[in-house]
Amino acid sequence: MVKITFPDNQVREYQEGITGIDIAKSLSNSLAKEVVAVTVNGEIWDSTRVINTDASIKLHKFDDKEGKHAFWHSSAHLMAEALELLYPGIRFGIGPAIENGFYYDVDPGDGVVITEGDLPKIEQKMKELVAQKSQYLREDISKAEVLDYFKKKGEVYKVELISELEDGTITLYKQGNFTDLCRGPHLPDTGHIKAIKLLSIAGAYWRGDEKRKQLTRIYGITFPKQAMLDEYLELLEQAKARDHRKIGKELELFMFSAKVGQGLPLWLPKGTALRERLQDFLKKVQKRYGYDLVMTPHIGHKDLYVTSGHYEKYGKDSFQPIKTPQEGEEFMLKPMNCPHHCEMYKGKPRSYKDLPVRFAEFGTVYRYEQSGELHGLTRVRGFTQDDAHIFCRPDQLKDEFKKVIDIILYIFKTLDFPDFTTQVSLRDKVNREKYIGTDENWEKAERAIIEAADEKGLKTIVEYGEAAFYGPKLDFMVKDAIGRSWQLGTIQVDYNLPERFELEYTGSDDLKHRPVMIHRAPFGSMERFVAVLIEHTAGKFPLWLTPDQAIILPISEKYHEYAEKVLKFLNNYDIRTLIDTRAEKIGKKIRDAELKRIPYLVIVGEKEAGDGTISVRKQGVGDQGTMKAEEFIQIVNKEVQDQTAELQ
RNA sequence: GCCGAUGUAGCUCAGCUGGCCAGAGCAGCUGAUUUGUAAUCAGCUGGUCGGGGGUUCGAAUCCCUCCAUCGGCUCCA
C-alpha cells in the first residue's frame, strides 16, 4: 500500500501501482473524466503514470494552469500528428503550450508552403484523430537510441535538441503513429480534445535566432468543451471590437499616412483634445510632487549620444544623423530625453540642498523601429514620453522611488486600472559583466527598489537578469477590462548617465559627489497609453477625459433656436457640448451620438422649449428624464468631480 | 529586417477560373419630410481597382517589383 496525501492534508491508502486517474475515480467518476494531469511530490505527471511510493498529490483539471498546460501541450502533439499525415517529410521544431493555446514550429520541406487556407484541413484531420482516442504513451529510452530514431527520420531539429540534452534516458511520447521528444505530461488520450481551432500561421526563427532558418509556426487552441471554445472566440471578437486602431479611426482620434511615413501617428483634433487632457492631468500631479516642467529640442548633437553611450549601442539601428549644410555637423533625432536633461542638470553647480532635482518633459522622441514591428499607436517611430528624470542623492533614492510609485498608483486609480502587477528587474545572478556600475551601488539600488515596493504594499514578481545594463527597474503591467495585460509605467535607476555626463553635487562635506538618476514614465508614452485606454474603455472614456461630453439633439428644426441657446449655456459652463442640427429624425441622431460614444445626449423639442428644460439621455443607459440645464450642469460636474476626486 | 496574408469610393465590403461603360450599403451633397429616445424617403456626386513595370487582342483579375497594412518572429535606450 502507498499513502497518498491530498492538498487538504487528508491521507488515504491505495494499492501500489495506482495512477492519478484511479485516485480520481475513487473520489468520483465525473472527476476522473476531467483529470488531465497530476502533480506528484511537486512534479507534474501524466494522470496515467503509476505511483509506487507514498506521495502527496494534486489532481489537475483543465481549469487550472497545469491542466491547461498538459491539455494544450497534448494538442500540439495532436496537431503534429495531423501535419505529418498531411505533409509527409515535414520536420518538427518545438511545439509548446502557451498562455492561450499552443503552437508548433515546423519546416514543411523545400517548396512546401502552409498557409491559413490550409488550417481547416489540418483541423479536420485533427478531429479525425480525436475520434480514434489514441492513448498518449510515455516511454523512457536511452539518448543514443532516441538520437538514432530521429536521425533516421531526418528530424534535424529534434536531433539538435536531443544532442544538447544530458546523457541518460530521455522521455518520448507516442500517440497513434506520432512519436515526439517530450517531458510531458500529457492527456490520457486524444479523445479529451473536444473543440479545436487553429488560429493563425506565422514565421518564426528556429530557436529565436534570426540567422537561422525560419520555420512555419502554427497557432491553435483547444478545449474540452465546444462551449468553451465558443466563449474564447467570443472574447477574441470583443478584443477585435476594442482594437484601438479601429476605434481611433471611428472616433477620429488619430490616423496614419503612408506619405508622412509609417509609424508616425497624426493626432486629429479629438485625439489631441484627449491627449492634452491627459497631459494636463499628469502635469498637475507632477507639480504637486515637486517636478519642474522643462522642454528640449527634437534633435541633439551626435556627440551628446556618444557621451551617453547610446550612439554606440543603438546608433547603427537608429535614424541616421542629419548634417548641417555648411559645417557638416551631425545631429540626431532625439531618441530619448535623458541626455538633454543631464545637460540641464549640469547647467549650474548643484548643492546637496538642491536635490532632488526633478525634470519632467513630454518629450517627443524618434526611434527607428523595424518595419514589421510597427503596430497602431503601441509601437511607433515617433512618440511622446511622459518622461521625467530625478537627480538625487543616494540616500534619497528609496524615498524618491516611493514617491514615484505613489504617482503611478494614483494615476492607475484615477484612470480606473484597478488590476495591475509589478515586476522588479534585477541583475543576473551569475553573469555580471554586462552591467555597469559598482556592486555596492547595484546592491543599494536593488535593495532600495525592493524595499520601496514592499513598503508601498506592491506584490512584485522578481526577475533576475531582466535589469537594464545601467540599473535595476520596476515595471507596471495593467490588466484591461477584458483581462489582457499591458506593460505601461516603468521606473529605472541609472548609475550610468551620471557617470558618463560627470554629474556632480557638492555635499555637506564640501566634496563633490555623484547623484543617482531615476528615469520614470507612468504611461510609457502618450501614444501607448491612449491605445491602452481605448482598448480598456472600448472608446467610452470617462467624462472628465472625453473630447465631447454632451451633444444637443433638437427634435426638429423648429427647436434649433432653443437648442443653440442651451448649447451656449452649457459651453459657458465648460461642459464640452456639440449640437446636431441635421434634418434627421431623433432616433437617427441618438444612434449616431451613441456610436460616437458621447456620454450625454441632450434632447430638446416642443416640451423642453416650452418650459425651459432639457431631456437628458445617458450613453449606454437611456433616458434620464427632464430637468433644468442648471441641474444637468451639476450632474456633469459632480460626475467629473467624483472621477477626479483626489485631484482637487 | 524575416515568413505568410491582404490592399477595389471617406468607411465596410462584393467582383478577381482575364472579356459588356467596376458594383452595393453607409458616409457626403441636393431635395422632400419637421419628426420624441439606436438607422425617414428620393435623386445625385464620388474609384489612377495601393504605385510602377510586364504578359495578352484585352488585366481589378495572371507575373515581377516597390509601398503600405495585418498576424507572428527578431528587436525594443
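The chains referred to below are lettered A, B, ... by the order of the sequence lines, with proteins before strands, and numbering in each begins at 1. What you are looking at is a predicted structure, and each value in this text was computed from that prediction instead of being measured.
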>> Parallel, tilted or perpendicular: which one describes the rings of A:His244 and A:Phe254, with boundaries at 30° and 60°?
In response: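 A:His244 and A:Phe254: tilted rings.
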Any N/O pairs under 3.5 Å between the protein and nucleotides 40-46 of chain B? List them or say none.
unit_1 : atom_1 : unit_2   : atom_2 : d
B:U40  : OP1    : A:Glu584 : OE1    : 3.4
B:U40  : O4     : A:Ala583 : O      : 3.3

Side chain [X] and base [N] donor-acceptor under 3.5 Å:
{"X": "A:Ser615", "N": "B:U37", "answer": "yes"}
{"X": "A:Ser556", "N": "B:U34", "answer": "yes"}
{"X": "A:Arg379", "N": "B:C75", "answer": "yes"}
{"X": "A:Glu252", "N": "B:G10", "answer": "no"}

>> So for atom CD, which belongs to A:Glu250, do other residues, nucleotides or ligands contribute more than 12 heavy atoms lying within a distance under 6.0 Å?
In response: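 Correct, the count exceeds 12.
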>> A quick test of your reading: do over 12 heavy atoms of other residues, nucleotides or ligands sit less than 6.0 Å from CD of A:Glu631?
In response: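 Above 12, so yes.
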>> On RNA chain B, compare the nucleotides closest to A:Arg207 and A:Ile114; which residue's is nearer the 5' end?
In response: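 Of the two residues, A:Ile114 wins.
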So if I take every side-chain heavy atom of [X] and compare against [options], which nucleotide ends up nearest?
{"X": "A:Arg582", "options": "B:G36, B:C75, B:G28", "result": "B:G28"}
{"X": "A:Ile555", "options": "B:G36, B:C75, B:C11", "result": "B:G36"}
{"X": "A:Val113", "options": "B:A77, B:C11, B:G4", "result": "B:G4"}
{"X": "A:Pro335", "options": "B:A77, B:G4, B:A39", "result": "B:A77"}
{"X": "A:Ile586", "options": "B:U35, B:A77, B:C75", "result": "B:U35"}
{"X": "A:Glu557", "options": "B:A38, B:U34, B:G4", "result": "B:U34"}

>> Protein within reach of the bases, or only the backbone? For nucleotides 61-72 of chain B, mark each nucleotide 5' to 3' as B, S or -, using heavy atoms under 4.0 Å.
In response: -------SSSBB
> Quick one: is A:Arg212 getting a side-chain N or O under 4.0 Å of the B:C73 phosphate, OP1 or OP2?
Replying inline: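 Result: no.
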Rounding to an integer number of angstrom, what distance separates [N] and [M] when you compare their [atom1] atoms?
{"N": "B:G1", "M": "B:A14", "atom1": "C1'", "result": "36 Å"}
{"N": "B:A60", "M": "B:G15", "atom1": "C1'", "result": "8 Å"}
{"N": "B:A38", "M": "B:C76", "atom1": "C1'", "result": "43 Å"}

> So which of A:His389, A:His519, A:Lys346 actually passes side-chain hydrogen bond (donor to acceptor under 3.5 Å, both in side chains) with A:His341?
Replying inline: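 Among A:His389, A:His519, A:Lys346, the one meeting side-chain hydrogen bond (donor to acceptor under 3.5 Å, both in side chains) with A:His341 is A:His389.
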> When you check the gap from the basic side-chain N to the acidic O, do A:Lys596 and A:Glu252 get nearer than 4.0 Å?
Replying inline: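 No, this pair does not count.
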> Any Lys/Arg nitrogen of A:Asp118 or A:Lys121 sitting under 4.0 Å from an Asp/Glu carboxylate oxygen of the other?
Replying inline: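 Salt bridge between A:Asp118 and A:Lys121, a charged N being under 4.0 Å from a carboxylate O: yes.
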>> With a 3.5 Å limit on both atom pairs, tell me what B:A5 is paired to, counting Watson-Crick and G-U wobble, or say none.
In response: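 Pairing partner: B:U69.
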